[in-house]
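Down below is the structure, laid out as structure tokens.
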Amino acid sequence: MGIHTACYNYFTAQSEGVTGRLLPQSASGDRAKRIPSGTDLYEHLDKYYAEVARELLLGAPEDDSTLIQYILPCFNRYSTGAHSVDRLLNYVNRHYVKRAIDEDRGWLTLNDIFDAVAKSIEDGDTREKISKKLKEKRTEELKKWGYAEGGTAEEMAQAELHAEAASALDRVVPLSALALRRFRTEFMEPLLAVPKLKGKKKRPGAPAVNGNILPKGRLGRAVKEILDLQEMGVEEKKRLVAELATALQAIGIRNGHPLRKKLDKFLMTGLAT
């Protein structure tokens, strides 16, 4: 993806020390402040991933019937490159990302779960009991991303990667999740977006137009074309649907999303719906 060149250019352009870069002095004459080492690199990488994902989207075919066949190899190459960068720059994860998570700026903060946990706290609960309840609430969140109680550490890490990719852009996540999150926001979500209806809005219960209650996004239309295609065998459809479902989960599209539900239903029944 050219990321190695981008990182090389970044490092060779730096003139500040490794402990952090200086912010410009303000007009009031305040002393220059340091920001944590790794912040600027993290932001550069986030911007880079966003630009790459947008370029891939611009290259998408106009024909919906070939869109899925374009998306899958794009995602495979992108995610492979992202994992490579994650290994190459793992020190960013070890130092900058870990510190941000310790400062409660990760994908799941105390504020996200405190209200639910606070309701279950009873008088006399020790710090250990409260900590255990927080851990249980975190596990509940991971179950939404495929983790099963008693699963392996690897399965938990995979579920957490999905949850991180689903997080808001202001949350600090490991570099692999950072890349997947940008693929979601800059590539997949525009394809999932349903175009707005012009003119008067359709009333609830009003008759469908041309068999559709609401217009589908591009990816929804592409899936429908694949599932309705008579010339394609069921096994090939299952392969495409399974790979797309895996990609959607990996980038943080929740399992309650209508398209994910449609894909899962097809994989269970083998029938186009």
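Sequential numbering from 1 along the given sequence is applied to the chain's residues. All of these numbers come straight from a predicted model, not from anything done at the bench.
Salt-bridge formation is detected for the pair Lys144/Glu141: a Lys NZ or Arg NE/NH1/NH2 atom is positioned less than 4.0 Å from an Asp or Glu carboxylate oxygen. Look at Glu243 and Arg239 and you find a salt bridge, because one of the NZ, NE, NH1 or NH2 atoms lies within 4.0 Å of a carboxylate O, short of that distance. Comment: Lys137 engages Glu140 in a salt bridge, judged by a side-chain N to carboxylate O separation of less than 4.0 angstrom. A salt bridge is absent between Glu164 and Arg181: the closest approach of a Lys/Arg side-chain nitrogen to an acidic carboxylate oxygen does not fall below 4.0 angstrom.
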Which donor-acceptor pairs under 3.5 Å do side chains of residues 249-260 form with protein atoms, sequence neighbours excluded?
{"unit_1": "His257", "atom_1": "ND1", "unit_2": "Leu259", "atom_2": "N", "d": "3.0"}
{"unit_1": "Arg260", "atom_1": "NH1", "unit_2": "Ile253", "atom_2": "O", "d": "2.9"}

Side-chain donor-acceptor contacts of residues 173-180 below 3.5 Å, not counting sequence neighbours, with atom names and distances?
none

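Every residue two or more places apart in sequence or in another chain was checked for a salt bridge (Lys or Arg N to Asp or Glu O under 4.0 Å) with Glu225, and none qualifies.
When all heavy atoms are compared, the tightest approach of Glu186 to Leu57 is O-CD2, 3.4 Å. Of all the heavy atoms in Val172 and Ile101, the pair that sits closest is O-CG1, 4.3 Å.
Note on ring orientation: taking the six-membered ring where Trp is involved, the planes of Tyr42 and Tyr96 are tilted (angle from 30° to 60°).
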* Go through the steps to decide whether Tyr49 and Phe183 satisfy the test ring pair (Phe, Tyr, Trp, His ring centres under 6.0 Å), and finish with yes or no. => CA-CA 8 Å; Tyr49 284 132; Phe183 195 88; over 10 Å; no

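For the pair Thr139 (side chain) and Lys135 (backbone), a donor-acceptor distance under 3.5 Å is present.
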